[in-house]
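First the proteins, then the strands, lettered A, B, ... as listed; each starts at 1.
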There are 2 protein chains.
Amino acid sequence: MASAAGVSISTASKALNDTGRMGAETRERVKRIAGEIGYRPNALARGLLSKRSFTIGLLTNDTYGRFTLPVMAGISDALVDHGVSVFLCAIEDDPALAQTHVDAMLDKQVDGIIATGKRLDRRLPVDLSNLHVPVVYAFTEGTQNSVTFRSDDEQGARLAVEWLAKIGRRRIAHVTGPEDFFSVRERAGAYHQVAGHREPVLYGVWSESWGHDAVEQLWKRPGEKPDALFCGNDQIARGAVDALRERGIKVPQDVSVIGFDNWEIVAAQTRPPLTTVDMELKELGRQAGLTVLALAEGRPVEPGVRKLPCRLVVRQSCGG
Amino acid sequence: MASAAGVSISTASKALNDTGRMGAETRERVKRIAGEIGYRPNALARGLLSKRSFTIGLLTNDTYGRFTLPVMAGISDALVDHGVSVFLCAIEDDPALAQTHVDAMLDKQVDGIIATGKRLDRRLPVDLSNLHVPVVYAFTEGTQNSVTFRSDDEQGARLAVEWLAKIGRRRIAHVTGPEDFFSVRERAGAYHQVAGHREPVLYGVWSESWGHDAVEQLWKRPGEKPDALFCGNDQIARGAVDALRERGIKVPQDVSVIGFDNWEIVAAQTRPPLTTVDMELKELGRQAGLTVLALAEGRPVEPGVRKLPCRLVVRQSCGG
DNA sequence: TGAAGTTGGTAAAAGCTTTTCTCAGTCAAC
DNA sequence: GTTGACTGAGAAAAGCTTTTACCAACTTCA
């Protein structure tokens, strides 16, 4: 304890926190000695008093981390400067496990909780609506009167289709995931708005093989073929690119392909690398982090859903 | 506070913890009322006294999460039953950031730290050797006299090559990552032990395109071609499979391909899905978690490097 | 010279648990 | 009827900080 090396406990505390009245010389001396002996205040004791643990919990059901990791990076990035650490709790759609984790976080007096997931239109399997700590939802369905951050899939889809139109593509098909996903419907809506109804929307699953199969279907039909594919995610896009190559169709010369998600490991390794839409999940995490911090500090935050714009990442699968 | 609903503070505490002397009837009543009002003890106050925060820190420089996520899952899985929560701190090879995170964890009185990374033969850019909390290394280079968990890459490689031999392959080539990786050398050593020196080892980088190029190189050489490829990771394997298909060579009929890592997103989406070696990172995380807990509780743990066996995951890229 | 204000610092309380110590009451035994 | 053992429960301390209240010494002013 720093007091051993100088003055009383209270004087030491005031010296280190730049509060209270005392001689400048005393203050300096205490600070110096604290530095020398490497004194660091115990955050537990501090938290006990201040009711702030400088700790938040991140709850996710995205075991694979595809969405959670960027969100986590953004949160951590935003909060590390404020001395806030993050408990990561992966619950795998298991309500009991989720409750266990929430209870553990609450016991540890987290200042707030951020709930995130792998799907915009699904809830986590645990009720967070009546906790006495603030809760912010990021990339998962929130409750009434909560603060929710999500990507603007409509704008993202428009970005993609408008890009294809801009580089001269006219017969743009949309190959995407299961229709019961909210974001699938939203993207498809934006697609129709921009591209019209000339080409079909093919609903399927989120896999490469579906992308592959979809190309087979499209090219087996009679009549003119698409000159561009707007895919629901990068995996579908990759499957599509592979299928096109196998058919001897050149990407991007003959057909432009655009993905969604900007999942580096897929998008960058595809040949050619995929032009795709990035949902800016890190930024989403950053804002969620700052928001939960604001709520924890009692600053007012307007409830509601905040849509964050997507960004087009241009690589080589579109040409133009 | 439960005491409001019955007896004194100390009696309440003793009742809930099943300690001290008191009437069975009183104990029951306190427990019941505590349950009714949803009382949960404040872990901060408890930690202040017991010197145990039931919190550990996980430090990683693996931004992408390829290795960290399974390790994290294992740790969490092992420790959630003990009421321990995990701070995840992603430091991106940034020493200052790493120190910030370590300081924050120490302030929060973590019971221990697990260091993990993306490479067995590299250290994290921060010195953890003289902390007053236990440190366990998992999938990253540890310090003298520390406890380190790692995969047994030699055994994993042997598993792969022996499998290829068992299904009748005789000309097994090894396409792998950069030779300065320790695990690359270790796997190559095991490969030579089992397969001899008839076929070459091709060192390159950890990417699909290298797998692709390596096949080009191998098949451009004069003389007999390999009938099996043991690849250094799943991405290389995938690139190789794609290249073979483009050359009209059938996998697994003509050539067997085996990967390493069992990275689902790559291994399972390859056509055909990859047979590969799983490093059991989740199990590794689990053991690291239990070990750091043991150390935190003062139980003795033998220092040293613990190699965990790998497991062969058979899919369809080898036939046999 | 006495009153009022200023300065530099300490003592103590509060925050929530757990643990140890103490105390009043009960019962059995001599 | 007094002593000793035992029982059930509460008081208090400890764990580490921060904050408030307080005190002694010194300065300023009338």
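Closest to the A/L49 side chain, of the nucleotides D/dA9, C/dT18, C/dA14, is C/dA14. For B/R21, counting side-chain heavy atoms from C-beta on, the closest listed nucleotide (D/dG8, C/dT19, C/dG9) is D/dG8. Of all nucleotides listed (D/dA9, D/dG15, D/dT18), D/dG15 comes nearest to the side chain of B/K51. Here C/dT19 is the nucleotide among D/dT17, C/dA12, C/dT19 with the atom lying nearest to any side-chain atom of B/S10. Residue A/R46 places its side chain closer to D/dT18 than to any other of C/dG9, D/dA9, D/dT18.
B/S13 has a side-chain polar atom (N or O) that falls below the 4.0 Å cut-off from OP1 or OP2 of C/dT18. Proximity of B/Y39 to the phosphate of C/dC16: no side-chain N or O atom is located under 4.0 Å from OP1 or OP2.
A/D18 places its CG atom 16 Å from the C1' atom of D/dT17, with the value rounded to the nearest Å. Rounded to whole Å, the distance from CG on B/L16 to C1' on C/dT17 is 11 Å. Atoms CZ (B/R29) and P (D/dA9) sit 8 Å apart, rounded to a whole Å. For the pair B/L48 CG and C/dC16 P, the interatomic distance rounds to 12 Å; values are reported in whole Å. Across the protein-nucleic acid pair, A/R52 atom CZ and C/dA14 atom P stand 24 Å apart, rounded to whole Å. Distance, A/L106 CG to C/dC16 C1': 16 Å, rounded to whole Å. Here the C1' atom of nucleotide C/dT20 and the CG atom of B/N17 are 15 Å apart, to the nearest Å. The nearest whole Å value for the distance from the CG atom in B/L44 to the C1' atom in C/dA14 is 15 Å.
At a cut-off of 3.5 angstrom, counting only N and O atoms as typed in the model, there is a donor on one side and an acceptor on the other between the side-chain of B/K14 and the base of D/dG10. Side chain B/S8 to base D/dA9: no donor-acceptor pair is found below 3.5 Å.
Under a 4.0 Å N-O distance rule, the pair A/E186/A/R150 qualifies as a salt bridge. Here A/R306 does not pair with A/D152 in a salt bridge; the nearest charged N to carboxylate O distance is not below 4.0 Å. For B/D93 and B/R122, the salt-bridge test fails: no basic side-chain N is under 4.0 Å from an acidic carboxylate O.
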Using residues 66-90 of chain A as the side-chain source, report each donor-acceptor pair under 3.5 Å to any protein atom, sequence neighbours left out, with the distance given to one decimal.
| unit_1 | atom_1 | unit_2 | atom_2 | d |
| --- | --- | --- | --- | --- |
| A/R66 | NH2 | A/D261 | O | 2.8 |
| A/T68 | OG1 | A/T60 | OG1 | 2.6 |
| A/T68 | OG1 | A/D62 | OD2 | 3.2 |
| A/D77 | OD2 | A/R286 | NH1 | 2.5 |
| A/S85 | OG | B/K108 | NZ | 2.8 |

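Here B/D153 contributes atom CG and B/F181 contributes atom CZ; the two are 11.5 Å apart, rounded to the nearest 0.5 Å.
As judged by a 4.0 angstrom heavy-atom cut-off over every strand, A/T19 is placed among residues making no nucleic acid contact. Residue A/R27 is classed as having no contact, given no heavy-atom separation below 4.0 Å to the nucleic acid.
Where B/T26 and B/A45 meet DNA chain D, the nucleotide closest to each residue was compared, and B/T26 sits on the side nearer the 5' end. Comparing B/P41 and B/G20 by the nucleotide of DNA chain C that holds the closest heavy atom to each, the one mapping nearer the 5' end is B/P41.
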Q | Verdict with supporting geometry, A/R119 and A/D180, salt bridge (charged side-chain N to carboxylate O under 4.0 Å, His left out) | A | CA-CA 11 Å; A/R119 197 166 160 176; A/D180 72 305; 3.1 Å; yes
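Using five terminal pairs a side, the axes of the helix from C/dT1-D/dA30 to C/dC30-D/dG1 at its two ends make an angle of 70°, given in steps of 10 degrees.
Contact of the A/V30 side chain with the A/V7 side chain is registered, since non-hydrogen atoms from C-beta on lie closer than 4.5 Å.
In the model, A/S13 has no side-chain atom that pairs as donor or acceptor with a side-chain atom of A/S10 under 3.5 Å.
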